[in-house]
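Counting from 1, the numbers follow the sequence of the chain as shown.
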Amino acid sequence: QVQLVESGGGSVQAGGSLSLSCVLSGRFRGPAMAWFRQAPGKGREFVAFITSGSMTRYSDDVKGRFTISRDDSKNSMSLQMNNLKPEDTAIYYCAATYTSNWVSAIGYEFWGQGTQVTVSS
């Protein structure tokens, strides 16, 4: 069974930076991992994915500000978030999948518990 644990959330002022980490336990050899976020009253939104070959894709909202990376030697994935905006405030989730649907939450079978990111203006 694959388990994911996020860390690194917190509070920051607009324009600041935060780095999120996700550690996977259990053997996972799926094609992709991703970050999603969910703001109060909204659905779970795609942020970025990274494939086993390190191909990446970002949502338009975060492109140029966020960077996703992975370290397979440590079974981990990270999200570096720069120039944060108040609208980035959300619970951030890491996820992993064996499917080929990489930009939709429904395509992911394994989820972390989430970590809160709050950006104040």
Side-chain angles (χ1 to χ4, degrees):
Q1 180 70 15
V2 176
Q3 293 183 324
L4 299 89
V5 179
E6 304 99 334
S7 62
S11 297
V12 66
Q13 290 190 326
S17 298
L18 283 173
S19 181
L20 306 181
S21 294
C22 175
V23 176
L24 289 79
S25 63
R27 184 177 180 87
F28 176 73
R29 292 295 181 268
M33 297 187 292
W35 291 96
F36 286 78
R37 66 186 182 185
Q38 188 164 14
K42 295 188 177 181
R44 198 160 292 190
E45 172 188 45
F46 168 74
V47 174
F49 72 64
I50 185 165
T51 69
S52 57
S54 294
M55 180 181 73
T56 60
R57 180 174 171 180
Y58 299 89
S59 70
D60 289 342
D61 289 343
V62 307
K63 195 177 300 181
R65 300 188 297 122
F66 290 12
T67 302
I68 189 172
S69 61
R70 61 189 291 165
D71 185 342
D72 291 337
S73 68
K74 297 180 180 179
N75 276 353
S76 67
M77 175 178 64
S78 298
L79 186 70
Q80 177 64 41
M81 305 183 293
N82 297 328
N83 191 21
L84 282 159
K85 304 176 181 180
E87 51 264 42
D88 294 319
T89 295
I91 299 174
Y92 283 70
Y93 298 89
C94 64
T97 183
Y98 284 103
T99 76
S100 59
N101 184 359
W102 299 339
V103 297
S104 175
I106 197 171
Y108 286 79
E109 304 99 313
F110 306 105
W111 292 88
Q113 81 288 350
T115 186
Q116 177 71 46
V117 170
T118 302
V119 185
S120 58
S121 57

What pairs of donor and acceptor atoms, side-chain ones from residues 7-21 against any protein atom, are under 3.5 angstrom apart with sequence neighbours left out?
unit_1 : atom_1 : unit_2 : atom_2 : d
S17    : OG     : N82    : OD1    : 2.9

Please answer whether the main-chain N or O of [Y] pairs with a side-chain N or O of [X] as donor and acceptor at a distance below 3.5 Å.
| X | Y | result |
| --- | --- | --- |
| T51 | P31 | no |
| E6 | Q113 | yes |
| S121 | P86 | no |

For R65, I'd like to know if atom CZ has over 12 heavy atoms of other residues, nucleotides or ligands within 6.0 Å. yes
Side chain to side chain donor-acceptor pair (under 3.5 Å) involving [X] - partner list, sequence neighbours excluded:
| X | result |
| --- | --- |
| Q116 | T118 |
| D71 | S73 |
| Q3 | none |

Listed once per pair and sorted, the ring-ring contact (aromatic ring centres under 6.0 Å, His included) pairs that draw on residues 59-92, sequence neighbours left out: none
Interatomic spacing from [atom1] in [X] to [atom2] in [Y] - rounded to 0.5 Å:
| X | Y | atom1 | atom2 | result |
| --- | --- | --- | --- | --- |
| F28 | D72 | CZ | CG | 10.0 Å |
| R70 | N75 | CZ | CG | 9.0 Å |
| I91 | T115 | CD1 | OG1 | 9.0 Å |
| I106 | T97 | CD1 | OG1 | 11.0 Å |
| I50 | T56 | CD1 | OG1 | 6.5 Å |

Under the criterion ring pair (Phe, Tyr, Trp, His ring centres under 6.0 Å), which of F36, W35, W102 is the partner of F49? W102
Between Y108 and A95, which heavy-atom pair has the shortest distance, and what is it? CD2-CB, 3.5 Å
Which pair of heavy atoms, one from M33 and one from I68, lies closest together, and at what distance? O-CD1, 4.3 Å
Please evaluate residues M81 and D88 with respect to the criterion side chain to side chain contact (heavy atoms under 4.5 Å, CB included), reporting the C-alpha separation (whole Å), side-chain torsions for both, the decisive distance (0.1 Å), and the verdict. CA-CA 10 Å; M81 305 183 293; D88 294 319; over 6 Å; no
Side chain to side chain contact (heavy atoms under 4.5 Å, CB included) partners for S69, two or more places apart: S78
Residues 40-51 vs salt bridge (Lys or Arg N to Asp or Glu O under 4.0 Å), sequence neighbours excluded, gives R37-E45
Hydrophobic clusters join Ile, Leu, Val, Met, Phe, Trp and Tyr when side-chain heavy atoms are under 4.5 Å apart, directly or via other members; which others share one with V23? none
List for me each residue that meets ring-ring contact (aromatic ring centres under 6.0 Å, His included) alongside Y93, sequence neighbours excluded, and say none if there are none. none
According to the disulfide (SG to SG under 2.5 Å) rule, which pairs have a member within [range], sequence neighbours left out?
| range | value |
| --- | --- |
| residues 58-87 | none |
| residues 27-80 | none |
| residues 6-119 | C22-C94 |

Test of understanding: clusters of I, L, V, M, F, W, Y form through side-chain heavy atoms closer than 4.5 Å, transitively. Do F46 and V62 belong to the same one? no
When you group the ILVMFWY residues by side-chain heavy-atom contacts below 4.5 Å and let the links chain together, are W111 and V117 in the same group? no
Electrostatic pair D60-K63, nearest N-O below 4.0 angstrom: yes
